[in-house]
Protein chains: 2
Amino acid sequence: MLATIESGSRTDRVIAVLTELITSGRFGSGDFLPSEAELCKQLGVSRPTVRMALRTLETRGLVLTKQGVGVQVTDRTRQAVTDSIELMLLRGGAAPRDVLEVRLMLECQGAALAAQRATDDDLAAIASAIADLRNRPQGVTETVDADLRFHLRVAEASKNAVLVALAHAIRGLLRDTIAATWRVDDRTEERLQDHADVLAAVSARDPVMADAAMRAHLCRTERLIEVLREGGAIPKTSP
Amino acid sequence: MLATIESGSRTDRVIAVLTELITSGRFGSGDFLPSEAELCKQLGVSRPTVRMALRTLETRGLVLTKQGVGVQVTDRTRQAVTDSIELMLLRGGAAPRDVLEVRLMLECQGAALAAQRATDDDLAAIASAIADLRNRPQGVTETVDADLRFHLRVAEASKNAVLVALAHAIRGLLRDTIAATWRVDDRTEERLQDHADVLAAVSARDPVMADAAMRAHLCRTERLIEVLREGGAIPKTSP
DNA sequence: CGCATCCTGTTATCTGACAACTGACGTCCG
DNA sequence: CGGACGTCAGTTGTCAGATAACAGGATGCG
């Protein structure tokens, strides 16, 4: 048992203990924590207290509780980072221009890094996403998903987890806007070619060209967004 | 009242409702939410459910619950982002290198934007931060604060709220590391000159030079961090 | 052997209660 | 009259026990 006198509420102490158990590796990904009842006995607190602590750990992406099964240790910390960034931007009332600007920075630099670090698997994954997009899936939703997958794969090829989380969060904010751009059939062929250009630059291990290709692609999309916004297809409040 | 039938557990639904209330601005920073008992009545769920939801909102930095007082809406989302990234680093989902790399992107591009958009007030604020740093305050804490202030002022001069928020969150991660670099007296003069160079470039409205000056400064710091890390002054787990 | 069923263990939620804390109000004493 | 103190209502923190919902394996039957 811990020293009885510590700072914070009991819940906070339970959070600290469980977090330590997981980050120290005593419980690895996939392992199941003892049941809530067991944790109560071992920690000397009631079930609501344990549950509140577990809820915090779940929010932080350390565990995943499944009804009827148990509490499983996972590593969804990247998702947690993405979520909190998205919330921060939502709360801060991010201006559309600001979001687009930062996206441009992150994705272009990400593409440049990808050109330096992408493995063959990464290249295959990017190519696969492009193929999905070319095959023109049924609805707009599938198209947007494929588009999102392409950008995500490029970001992942940068091998920078922080950049992936940031890019992903920002993309989440732009999802509706980008969906609108795919709804119109304006210059679709050029946009598909843009994707191929990015892949070519990354495959050629040319950071400068990768940056430029991605920049050209995003700028084209931004111009399209601007047109749609003037036409009233996109509300100005959401980026 | 929302439709009673939605996906997810009741707790998830309560989380969604409360999050919406806050992000939509119905409750602003500083406001107090209704008491837990009141929320129970209005949402039609029991207190533990409400409390679990509130706990999630608290870990995400949206509210702050104080015993005997109530639940206050706050904006600690930047802290939440910093915390979750830190957790991701601890779990090995990201490397310290990733953090430094993203910082480099954001701050360099931010400096370039600042060169295009800084007002006279911004320039004065940056100069003021540099002056504070030159006057060599008493302790390391004050030095680090002044350093932080300098970088924050530059970011703010970019007039991009998203970039400011991200840069601030990332900086929070590096605070201890940067404090370590100021503890040693290695090439302090050069680093102070770096700051002046950035200000000069921004004042000259030269984006390329501003980017380069900031890049030079950050790279110098990174080299120092590398040296300290090899010497054991900085644990490798924290960036 | 295949399949439906039951059973066990788990989490999700509810109910009611009490403890601890905060802030403000009223009271008492100097 | 003024300030220190106690009291009190309202709030969050925690507990105990019970019930419902769920997943997966064991069991029994055809």
Side-chain angles (χ1 to χ4, degrees), chain A residues 1-19 21-22 27-74 76, chain B residues 1-19 21-22 27-74 76:
Chain A
M1 190 72 63
L2 290 182
T4 53
I5 299 180
E6 285 210 11
S7 66
S9 63
R10 300 190 193 190
T11 302
D12 290 338
R13 264 176 282 161
V14 173
I15 291 172
V17 169
L18 295 180
T19 302
L21 281 179
I22 293 174
F27 286 91
S29 282
D31 294 351
F32 278 89
L33 257 49
S35 71
E36 294 180 356
E38 186 65 26
L39 288 173
C40 292
K41 274 199 296 185
Q42 296 200 7
L43 296 170
V45 295
S46 70
R47 231 185 114 200
T49 302
V50 167
R51 284 179 59 74
M52 294 243 295
L54 287 175
R55 177 59 72 159
T56 294
L57 264 65
E58 185 163 7
T59 304
R60 291 183 173 161
L62 293 180
V63 301
L64 198 60
T65 71
K66 296 183 201 170
Q67 182 174 2
V69 180
V71 182
Q72 192 173 24
V73 177
T74 62
R76 297 174 56 83
Chain B
M1 192 71 60
L2 288 181
T4 52
I5 298 179
E6 286 208 11
S7 66
S9 64
R10 301 189 191 189
T11 303
D12 290 339
R13 266 176 282 159
V14 174
I15 291 172
V17 170
L18 295 179
T19 303
L21 282 179
I22 294 174
F27 287 90
S29 281
D31 293 350
F32 278 89
L33 257 49
S35 72
E36 294 181 354
E38 185 65 25
L39 288 174
C40 292
K41 274 199 295 186
Q42 296 200 6
L43 297 171
V45 296
S46 69
R47 233 185 109 201
T49 302
V50 167
R51 285 178 59 72
M52 295 245 294
L54 287 175
R55 178 57 73 158
T56 294
L57 264 64
E58 185 163 8
T59 64
R60 288 185 174 162
L62 292 180
V63 300
L64 199 59
T65 73
K66 296 183 200 170
Q67 183 173 2
V69 181
V71 182
Q72 193 172 23
V73 177
T74 61
R76 299 175 58 80

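Chain naming here is simple, since letters A, B, ... match the order of the sequence lines and numbering starts at 1 in each.
Within the 4.5 Å cutoff, the side chain of B:Thr11 has heavy atoms near those of the A:Arg55 side chain. Contact check for B:Leu57 versus B:Ile22: side-chain heavy atoms found under the 4.5 Å cut-off. Residues B:Phe27 and B:Leu18 fail the side-chain proximity criterion, which asks for heavy atoms closer than 4.5 Å.
Looking at B:Gln72, its side chain does come within 3.5 Å of a backbone N or O of B:Gly30 through a donor-acceptor pair.
Heavy-atom minimum distance, A:Glu58 versus A:Leu64: OE2-CD1, 3.9 Å.
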Nucleic acid footprint by protein, nucleotides 14-22 of chain D - heavy-atom cut-off 4.0 Å, B for base, S for sugar-phosphate alone: BB--B--BB
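Atom C1' of nucleotide D:dT11 and atom CD of B:Glu38 are separated by 13 Å, given to the nearest angstrom. Distance B:Lys66 NZ to C:dT22 C1': 11 Å, rounded to the nearest Å. As rounded to whole Å, 12 Å separates atom P of D:dG10 from atom NZ of B:Lys41. To the nearest angstrom, P of D:dG13 lies 10 Å from CG of B:Leu64. C:dT11 atom P lies 9 Å from atom CG of A:Leu33, rounded to whole Å. Whole-Å rounding puts the B:Glu36 CD to C:dG16 P distance at 17 Å. Rounding to whole angstrom units, CD of residue A:Gln72 and P of D:dA23 are separated by 15 Å.
The side chain of B:Ser35 contributes no N or O atom lying less than 4.0 Å from OP1 or OP2 of D:dG10.
Atoms CZ and CG, from B:Arg13 and B:Leu43 in turn, are 10.5 Å apart once rounded to the nearest 0.5 Å.
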